[in-house]
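Here is the structure we will look at.
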Amino acid sequence: MKKLFLFMFILLLSSNILFAQEVTKKGRVSGYMFGDFFYNAARDVDINSLSNTANGGRKDLNGIQLRRIYFTYDYDISEKFVTRFRLEADQEANTSNGKIGVFVKDAYLQWKNIFKGSDFIFGVQPTPSFEISETFMAERYLEKTIMDLRGFESSRDLAVSLKGNLDSKGILKYWLMVGDGSGNKPETDKYKRFYAHLQYSPFSNFTTTLYTDLKSRPDIKDPFNPTSSLSNNDLTYAFFAGYKEKNKFMAATEIFLSSRQNDIISGGSVKNKNAFGITLTGSYYFSQQISFLIRYDYFDPNVNSNYKGDSRNFFIFSLNYYPDEKVTISPNVVVETYEATPNGKSFNASITPRITFFYSFL
């Protein structure tokens with residue numbers, strides 16, 4: 001009888017160990033793709049002379065484009081340590097012979113609950129810049145968020161970060177990060193980027209965030225005193241607020257202000273160059289299979305009154321069809337308009353109808 005009990009104990013212990021290994025040492029493959037059939041229906045003849053264009057390209061260009069392909073492998077080393085390795089391919093990161101290129105999007109180790117309620121992350125990882133707003137609005141297959149679209153923030157950085165809850169219910173969350181400031185590229189200088197982010201979600205349908213970062217840059221020479229130097233760092237501030245009810249409607253706004261120190265000369269003195277942008281987004285579900293989305297962006301790369309003719313208006317009008325929970329087919333139109341120059345020269349709007357296809361796999 002003792003031998004029988006001993007045998008059953010060993011068998012039970014072995015099964016628990018094997019079960020624990022199955023739970024923790026498990027890998028998962030996932031990914032998604034989106035692309036368009038597009039047609040550049042309208043462009044100004046001088047479109048190439050304009051700066052800060054988000055809807056460029058020559059008139060009448062049309063075809064099929066793959067704007068993003070993700071392939072992700074997640075692996076749970078243990079209950080404490082998880083990893084992610086993600087590859088991205090798109091038509092902008094091409095190889096030397098012009099084919100679609102592939103690069104490392106994510107490669108990080110996450111130490112869960114390094115202390116109560118907080119995780120530590122090391123490696124190439126998402127930044128706090130617009131990770132929450134992009135996930136909340138769920139429109140990435142249509143376009144980047146405004147700070148990403150206008151090139152003020154990167155979605156990734158080679159960094160260390162600490163993120164977690166500031167209260168027991170997870171209503172108030174924080175995210176701190178120190179990164180190279182070089183995105184997915186290797187470090188080439190001593191300058192760093194420092195990120196800070198707060199998220200407040202008083203109830204499940206509503207969230208709001210406050211964000212700031214400092215990107216350190218080399219000093220520049222003072223144009224009025226060559227023997228002295230001036231700071232030339234980038235400071236960015238952003239606010240996001242959104243409310244949604246699943247499969248019913250969504251409304252959100254994101255506002256940012258980015259300032260480069262001592263970057264322009266105005267009124268006989270050196271001043272900061274301040275850029276401003278705002279997004280207004282809303283969607284409404286007619287049914288679980290059909291929704292409509294509209295987005296409006298306003299962007300001014302230099303709000304100084306001496307710099308005119310450079311603001312941009314950006315619109316997306318989209319009808320979304322969901323034949324499956326992992327598939328979206330979206331006829332949409334992208335429109336960008338341009339402020340007239342101080343001498344009165346105006347520009348025609350850029351208009352691009354598209355049919356966008358999005359699917360994910362797990």
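Numbers for residues simply follow the sequence, beginning at 1. Here the structure is a predicted model, which is why all the values come from computation and not from measurement.
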Please check this pair: side chain of [X] against backbone of [Y], looking for a donor-acceptor N/O pair closer than 3.5 Å.
| X | Y | result |
| --- | --- | --- |
| N113 | G117 | yes |
| S291 | Q288 | no |
| S133 | F130 | yes |
| Q125 | A159 | yes |
| K192 | K190 | yes |
| D167 | K169 | yes |
| N272 | N262 | yes |
| E153 | S129 | no |
| T279 | T253 | no |
| D157 | G181 | yes |

If we count only N and O atoms by modelled type, under 3.5 Å, do the side chains of [X] and [Y] hold a donor and an acceptor together?
| X | Y | result |
| --- | --- | --- |
| Y141 | R67 | no |
| T352 | R43 | yes |
| Y39 | D60 | yes |
| T72 | D106 | no |
| T53 | Y338 | no |
| S231 | N233 | no |
| S330 | S318 | yes |

Do [X] and [Y] come close enough that some side-chain heavy atom pair is under 4.5 Å?
| X | Y | value |
| --- | --- | --- |
| L162 | I114 | yes |
| K173 | W175 | no |
| F315 | V333 | no |
| E88 | R156 | no |
| D74 | V82 | no |
| F120 | F115 | no |
| R312 | S51 | yes |
| K112 | D119 | yes |

For the pair [X] and [Y], name the ring-plane relationship: parallel under 30°, tilted 30 to 60°, perpendicular over 60°.
| X | Y | answer |
| --- | --- | --- |
| W111 | F81 | tilted |
| F34 | F358 | tilted |
| Y75 | Y73 | parallel |
| Y243 | F203 | perpendicular |
| F136 | F240 | perpendicular |

Pair F194, T212 - check side chain to side chain contact (heavy atoms under 4.5 Å, CB included), show working.
CA-CA 8 Å; F194 305 89; T212 186; over 6 Å; no
Would the Y298 and Y296 ring centres measure less than 6.0 Å apart?
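No, ring centres 6.0 Å or more apart.
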Same apolar cluster: Y322 and I290, side chain cutoff 4.5 Å
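They do not share one cluster, since no chain of ILVMFWY contacts under 4.5 Å joins Y322 to I290.
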Y70 ring centre to R86 NZ or CZ under 6.0 Å, with the angle to the axis within 45°?
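Ring-cation test returns yes.
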With ILVMFWY side chains joined below 4.5 Å, transitively, what does I121's cluster contain besides itself?
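Grouped by the 4.5 Å side-chain rule, Y108 form the rest of the cluster around I121.
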Identify the residue among N304, N232, D263 that makes a side-chain contact (heavy atoms from CB on, under 4.5 Å) with K273.
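Result for side-chain contact (heavy atoms from CB on, under 4.5 Å) with K273: D263.
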